[in-house]
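So the structure is just underneath, and the comments pick up after that.
What you are looking at is a predicted structure, and each value in this text was computed from that prediction instead of being measured. One is the number of the first residue; the rest follow in order along the sequence.
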Amino acid sequence: MTCQKTGHNFTKIAFKPLHTNLFNIVLLSIFLSLGSGKLYSQDITKKKTVIPAKKQADSVKPTVDTTKTPILAVRIQRDTVKGDSIKPKKAFLDGKVKYKADKYAKIDQKKKTITLYDQAELYYQDVELKSGIIVMDYEKNEVYAGRIKDSTGAYTQFPNFKQGANVIEPDSIRFNFKTKKALIWNSRSEQGEFKIKAAVTKKENDSVYFLKGARFTTSKDVDNPEYYFQTNKVKFIPGKKVVTGLTNMVIANVPTPIALPFAFFPMSKETSISGLILPSYNDSNNRGFSLQNLGYYFALSDNYDLTVLGDYYTNGSYGLRFETSYAKRYNFSGNLNIRFENLITSERGYPDYLKQNIYNIQWSHSRDSKSNPNSSFSASVNLGSSRYFQQSINQVNIGSNLNNTLSSSVSYSKTFTTVPQVRMSLTATHSQNTQTEEINMTLPTLQLSVDRIYPFVGKDGVRKGFIKNINLQYNLNGRNSIVTNDSLFFKPQMFRDARIGFQHSIPLSTNFKLFKYFSASTAVNYEEIWYTKTIERSYDTDQSKVVDKTINGFDAFRTYSFSSSVGTTIYGTFNFGNDKKIKSIRHVMRPSASYGYTPSFEKYYDTYASDASGTMIQQYSRFENGIFGAPGLSNSNTLGFDLSNTFEAKVTDRDSTKVEPKKIMLLNNLNLSTSYNMDADGITSLAFSPVRVSGGTTLFDNKMNVNFGATLDPYAIDNSGRRINVFNIDNGGSLFRMTSSNMTLNYSIASTGKDKTKKDKNSLSQRNGGREDDLFGTNTDLGDSRRSQFEDEEESEGEDKISEFFNSKLPWDMTFAYSLTYGNNNRENKIIGNSIMISANADITPKWKAGVSTGYDFVQNGVTFTQLRFERDLLSWRMDFNWSPFGTNANWGFFIGIKSGVLSDIKWDKRSVINR
């Protein structure tokens with residue numbers, strides 16, 4: 001049925017017919033109150049109803065929950081009374097409206113409006129609206145929201161309009177529920193990294209907005225940004241794109257000459273989208289002008305991407321780089337970088353003209369252990385031209401430049417759940433000396449092992465005593481070894497020189513207690529070596545020299561050996577008294593003695609004539625060039641001695657509240673080792689080997705690491721520097737002759753108390769073969785200048801915790817390294833190495849950072865590599881400058897640009913090119 005006054009449709013209630021007008025009005029009033037879900041009653045015979053919040057609460061019965069949000073519910077149903085002549089009107093709303101307000105909610109039935117004031121909230125369909133004041137016209141299907149003034153006259157409670165995933169925070173808004181159109185004044189919204197503010201916004205539908213007087217920025221404060229892009233006409237499609245008319249860049253509220261007739265900003269909801277990467281401009285004295293890092297980013301899928309970058313110099317030099325990252329959740333992740341550079345120095349016809357190709361391949365892969373606990377696959381590859389990091393036009397990595405070794409490893413392992421368990425691994429390794437350009441590779445190494453078997457253990461599983469501890473196992477080691485250099489890398493000659501071998505070993509061992517306090521072990525080891533190549537040595541009369549002829553085909557030899565060892569642990573404590581600062585010192589000694597015997601395998605040796613006359617006969621083994629070597633010609637009958645020491649002290653704790661004394665490590669290791677050859681003849685071999693002493697400790701609350709070592713030789717040397725069978729003390733010297741010694745100190749400290757070397761800030765430098773610390777400066781990847789020189793981007797983009805300047809604690813860190821090496825192998829008695837390196841970083845002000853890496857070589861009397869670096873945090877921007885003032889790697893670089901990845905091409909990057 002239809003209300004004559006309001007025109008609303010209502011469902012007929014199944015009461016007995018009553019014809020009293022007054023009773024019907026009262027009943028209808030009660031129905032409106034209950035049906036709408038309001039927490040107060042109203043008299044619909046009056047034109048206006050204003051219900052203060054306090055009276056609303058008073059009018060509710062105690063059984064009603066007053067915390068529920070008031071609901072205006074108008075149900076749209078046809079009159080079920082047959083023969084009703086009143087035609088039902090079209091519903092004015094398509095759902096329930098929930099609303100509430102702190103001060104009052106006013107319903108004007110004549111104007112068809114609902115007014116909510118102070119902390120007003122309105123919920124309808126997918127629209128959530130919060131504001132100081134909300135006026136809903138339910139006849140026009142429109143809602144208006146705006147700010148209100150507080151007691152000081154300042155505007156507060158700005159509207160917050162949310163529809164679906166889009167959130168807008170304007171000064172005021174007018175919205176139509178039917179057409180979904182809206183007018184928004186001074187709207188503020190976020191789309192990814194962008195923050196958008198517009199003077200007037202017209203919402204055409206759910207997917208299209210038109211903006212007037214708009215600004216775009218990545219600044220945190222959209223109302224007072226340090227920079228923004230100003231435009232007057234904008235078409236905005238949330239989650240997809242923004243297309244603008246004339247766009248001008250404004251910095252610090254000052255318009256700049258940087259302007260575009262139109263602009264396009266991608267607003268994809270995806271984590272990444274494809275796009276062009278703008279280059280940086282540079283110039284070089286020996287290569288000319290250049291464009292660096294011009295490329296394109298391909299967002300191929302959610303699991304992998306591809307970046308293609310290129311460099312071009314006007315003298316013809318160019319570089320190409322392909323970088324991809326991939327990941328599959330709970331399975332694997334990794335990245336692959338391939339770099340190639342064609343370098344031309346000077347110009348054709350000049351004496352210093354040089355043309356060369358260099359390349360570098362980096363691959364990192366890791367597998368999630370959850371994907372398959374019984375197998376794993378990992379890769380860490382860094383190979384290429386030996387001179388890549390010294391000559392690259394796109395890498396400034398001094399740590400890699402000074403590093404003499406590049407290494408790689410790709411491995412797969414699997415465990416077979418058999419009894420006994422079997423483990424197998426395949427590993428390909430690569431080691432490259434960048435100075436000699438020699439490359440050692442194994443393609444691949446096969447390792448297989450069977451778990452230990454205890455044949456004499458009973459059903460109870462107890463292994464105790466000599467017999468029950470007897471165990472054996474089987475190990476297989478197969479290698480395909482290749483030794484080559486840069487010029488032959490991956491050429492046929494490289495594979496022709498490969499050496500293949502298999503090593504089978506079956507160790508039989510046991511361990512037991514001896515005289516209660518000694519631990520003893522003994523073992524017998526059987527080995528069998530297989531080779532696919534051997535040699536035949538003879539004297540070639542045509543070449544007048546001894547030559548080796550390679551014999552292809554299977555060959556093998558077998559050896560066996562015996563070893564035994566015994567050791568114990570001795571504890572000693574020196575007490576000084578509880579009233580002393582040093583209460584006691586604890587000394588732990590672990591002496592051990594070992595014996596090893598390997599017989600002579602002379603049967604695997606042949607003879608050859610070493611001269612043309614054939615009178616000089618020498619012995620050789622056809623297995624000499626094998627991967628695992630050749631069997632021994634003479635007996636090996638050796639005794640070994642080793643002594644390990646640790647020293648620990650108990651001291652009075654500075655904290656008077658502590659009851660127990662504090663433990664301090666004085667020496668965490670002090671090791672002495674030597675051996676004695678029982679079959680030495682005193683002429684070709686000496687009985688005693690040099691004594692090696694090594695030790696280390698930590699100081700200053702484990703912040704400083706101290707390591708030292710020395711080699712002590714008991715024998716004297718002759719005038720030519722050769723060891724002779726005369727003890728040094730019998731030759732007028734001391735008991736031992738120190739042939740070499742070394743000491744290193746490493747100290748790292750930071751204001752936060754954390755070890756800065758544990759940060760992952762230089763992971764890129766380490767992956768490129770550099771160091772984990774910045775003693776040789778920080779790595780500069782010219783392909784991504786947005787990386788901070790001092791810390792991770794996530795840390796630098798965090799909230800600024802420093803609110804004041806003079807009374808703020810400014811963070812700093814320092815790394816110190818010292819190395820001293822002494823040489824006296826041939827009575828030179830001099831310091832052959834003595835250098836110090838220091839790296840320090842500090843926040844000069846809350847927004848200024850500075851750092852220095854330098855050192856001094858006291859032997860060469862010169863300053864080592866030095867780098868100065870500065871950085872300024874410009875909120876949404878970052879500016880940095882680094883300078884290496886002298887040396888072969890002298891260079892400088894300046895960068896200023898926007899931190900945000902979506903606007904990373906807005907930058908100015910100027911760097912000097914190292915003349916390599």
Side-chain angles (χ1 to χ4, degrees), residues 271-272 274 295 297-309 320-340 358-386 388-389 392 394-395 397 399-400 403 405-416 423-432 434 439-448 477-482 489-490 758-772 779 781 783-784 787 792-794:
T271 55
S272 59
S274 301
Y297 174 78
F298 298 89
L300 301 177
S301 75
D302 292 337
N303 299 105
Y304 57 90
D305 61 5
L306 174 64
T307 303
V308 180
L309 297 170
L320 291 173
R321 290 180 301 286
F322 301 88
E323 303 174 358
T324 181
S325 298
Y326 57 88
K328 187 175 182 181
R329 183 175 293 181
Y330 307 127
N331 203 324
F332 58 82
S333 64
N335 57 74
L336 173 66
N337 299 332
I338 301 175
R339 304 163 177 171
F340 173 81
I358 59 174
Y359 67 94
N360 180 256
I361 300 173
Q362 295 179 356
W363 180 32
S364 177
H365 179 94
S366 62
R367 187 172 180 178
D368 196 323
S369 59
K370 293 187 280 298
S371 62
N372 190 341
N374 292 325
S375 67
S376 66
F377 179 79
S378 63
S380 176
V381 175
N382 184 16
L383 61 85
S385 303
S386 295
Y388 178 81
F389 290 107
S392 172
N394 218 283
Q395 279 280 328
N397 189 342
S400 300
N403 191 5
T405 304
L406 298 179
S407 60
S408 307
S409 175
V410 180
S411 63
Y412 170 77
S413 64
K414 185 173 179 62
T415 301
F416 299 91
R423 296 178 179 86
M424 183 199 72
S425 68
L426 283 170
T427 307
T429 62
H430 151 267
S431 179
Q432 182 174 351
T434 60
I439 300 173
N440 290 274
M441 305 182 71
T442 58
L443 297 174
T445 296
L446 168 66
Q447 290 183 313
L448 186 143
N477 187 356
R479 295 185 199 171
N480 176 29
S481 177
I482 299 173
F489 195 50
F490 276 106
K758 295 181 181 179
K759 290 183 181 180
D760 194 31
K761 71 173 187 176
N762 276 324
S763 58
L764 176 64
S765 177
Q766 289 179 257
R767 190 172 73 237
N768 288 342
R771 296 170 58 100
E772 65 178 0
N779 175 43
D781 186 355
D784 187 6
R787 285 176 54 88
D792 291 332
E793 201 67 29
E794 292 181 1

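Shortest non-hydrogen contact noted between Thr445 and Asn477 is CG2-OD1, 3.6 Å. Heavy atoms only, all atoms of each residue included: Ala379 and Val410 are closest at CB-CG2, 3.9 Å. Scanning both residues, Ser274 and Ala299, for their nearest heavy atoms gives OG-N, 2.9 Å. Looking at every heavy atom in both residues, Thr434 comes nearest to Thr405 through OG1-N, 4.3 Å. The two residues Ser385 and Gln432 make their nearest non-hydrogen contact at C-NE2, 3.8 Å. What you find for Pro444 and Leu426 is that their closest heavy atoms are CG-CD2, 4.2 Å.
We find the OG-CG distance between Ser333 and Asp368 to be 8.0 Å, quoted to the nearest 0.5 Å. Put simply, CD1 on Ile361 and CG on Leu383 are 5.0 Å apart, with the number rounded to the nearest 0.5 Å. Taken from CH2 in Trp363 to CG in Asn337, the straight-line distance is 13.0 Å, to the nearest 0.5 Å. The structure places NE2 of His365 at 12.0 Å from OG of Ser380, a figure rounded to the nearest 0.5 Å.
Remark: Ser413 pairs with Ser376, Ser425 by the side chain to side chain contact (heavy atoms under 4.5 Å, CB included) rule, at least two apart or across chains. Contacts of Tyr304 classified as ring pair (Phe, Tyr, Trp, His ring centres under 6.0 Å), with partners at least two apart in sequence or in another chain: none.
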Ser409 and Thr427: side-chain contact (heavy atoms from CB on, under 4.5 Å), yes or no, with the steps? CA-CA 7 Å; Ser409 175; Thr427 307; 3.9 Å; yes

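Annotation: side chain of Asn335 is not in contact with side chain of Thr324 (no heavy-atom distance under 4.5 Å). Leu446 is listed as a side-chain neighbour of Met424, based on a closest heavy-atom distance under 4.5 Å. Val381 places none of its side-chain heavy atoms less than 4.5 Å from the side chain of His430. Residues Arg423 and Gln447 have side chains not in contact (no heavy-atom distance under 4.5 Å, counting atoms from C-beta outward).
Asp305 contributes a side-chain N or O that, together with a main-chain N or O of Ser325, makes up a donor-acceptor pair within less than 3.5 Å. Without hydrogens or angle criteria, Asn360 side chain to Arg339 main chain gives no donor-acceptor distance under 3.5 Å.
The aromatic rings of Tyr359 and Phe489 lie parallel to each other, their planes meeting at an angle below 30°, with 60° marking the opposite boundary.
Between Thr429 and Thr442, the side chains place a donor N or O and an acceptor N or O closer than 3.5 Å (distance only, hydrogens not considered). Under 3.5 Å, the side chains of Ser411 and Ser378 contain a donor-acceptor pair of N or O atoms.
Because its NZ or CZ atom is not both nearer than 6.0 Å to the ring centre of Tyr326 and within 45° of the ring axis, Lys328 does not count as a cation-pi partner of that residue.
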